[in-house]
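From a predicted model like this one, the values you see are computed outputs, not experimental measurements. In the text below, chain A, chain B and the rest are named by the order of the sequence lines, each starting its count at 1.
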Number of protein chains: 2
Amino acid sequence: MDTDRETTANLSELRHLIDEVDAAMVELLAERFRYTLTIGKLKARHGLASRDLERETAQSYRLRNLAARSGLDVDFALKLHAFIIQEVVRNHEALARRN
Amino acid sequence: MDTDRETTANLSELRHLIDEVDAAMVELLAERFRYTLTIGKLKARHGLASRDLERETAQSYRLRNLAARSGLDVDFALKLHAFIIQEVVRNHEALARRN
């Protein structure tokens with residue numbers, strides 16, 4: 001194989017691997033939102049607050065360690081987590097309003 | 001168990017499941033960034049563009065279907081993906097500048 005064809009083949013193989021990772025992440029996220037939906041309903045039913053800062057702090061601490069251990073950029077992991085939590089809180093607040 | 005204790009137990013179990021999902025997601029993200037780092041180096045070495053809009057469009061289309069099928073909010077999935085891609089492109093550009 002010449003260099004261009006080799007590069008294209010490598011790129012294509014890596015992209016295939018990334019697609020597999022993305023598919024697994026979608027499944028995990030869907031699972032995660034099923035759990036947080038159940039939590040949201042539980043909180044709404046019992047009048048508990050949408051956010052729990054103690055829990056969020058514990059999660060950040062844990063994520064920071066997991067990210068560092070797996071070689072994932074820690075700041076990125078925390079930013080992404082904050083992005084997900086934001087969506088979860090939005091959903092919880094909508095459930096609380098409906099209750 | 002009275003209702004409060006039952007609620008606390010349910011909440012704690014669900015949070016444990018969420019923590020497991022988050023740990024798996026950190027692993028997957030670390031894996032994903034290892035692949036995109038290799039792609040970034042390949043692109044930098046061969047002077048290829050940091051972004052490939054055709055690829056990004058194909059990814060969005062695929063993700064939209066995966067999200068819909070698994071019950072994940074499609075808009076959220078696309079926003080999260082854009083967030084990840086943004087980080088990848090930033091890394092690719094940094095690699096290109098170093099080359």
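- When the candidates B:His46, B:Gln59, B:Arg45, B:Lys43 are compared by the number of heavy-atom contacts under 4.5 Å with chain A, B:His46 comes out ahead.
- Contacts of B:Tyr35 with chain A are made by both backbone and side-chain atoms, with heavy-atom separations under 4.5 Å.
- The number of heavy-atom neighbours closer than 6.0 Å to CZ of A:Arg64, taken from other residues, nucleotides and ligands shown, is 12 or below.
- Annotation: maximal heavy-atom pairing with chain A below 4.5 Å, among B:Glu87, B:Arg69, B:Glu27, occurs at B:Glu87.
- A:Phe83 touches chain B through backbone and side chain together, each having a heavy atom under 4.5 Å away.
- For the pair B:Leu14/A:Thr36, no side-chain contact is recorded, criterion being any heavy-atom separation below 4.5 Å from C-beta on.
- A salt bridge does not link A:Arg34 with A:Glu31: none of the charged nitrogens is closer than 4.0 Å to a carboxylate oxygen.
- Residues A:Leu95 and A:Ala44 approach most closely at O-CB, 4.0 Å, considering heavy atoms.
- Ranked by non-hydrogen atom pairs under 4.5 Å with chain B, the options A:Asp73, A:Ile84, A:Leu63, A:Leu48 are led by A:Ile84.
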Side-chain donor-acceptor distances from residues 16-24 of chain A under 3.5 Å, at least two apart:
residue: A:His16; atom: NE2; partner: A:Glu20; partner atom: OE2; Å: 3.2
residue: A:Asp19; atom: OD1; partner: B:Arg55; partner atom: NH1; Å: 3.3
residue: A:Asp19; atom: OD1; partner: B:Arg55; partner atom: NH2; Å: 3.2
residue: A:Asp19; atom: OD2; partner: B:Arg55; partner atom: NH1; Å: 3.3
residue: A:Asp22; atom: OD1; partner: B:Arg32; partner atom: NE; Å: 2.7
residue: A:Asp22; atom: OD2; partner: B:Arg32; partner atom: NH2; Å: 3.0
residue: A:Asp22; atom: OD2; partner: B:His81; partner atom: NE2; Å: 3.4

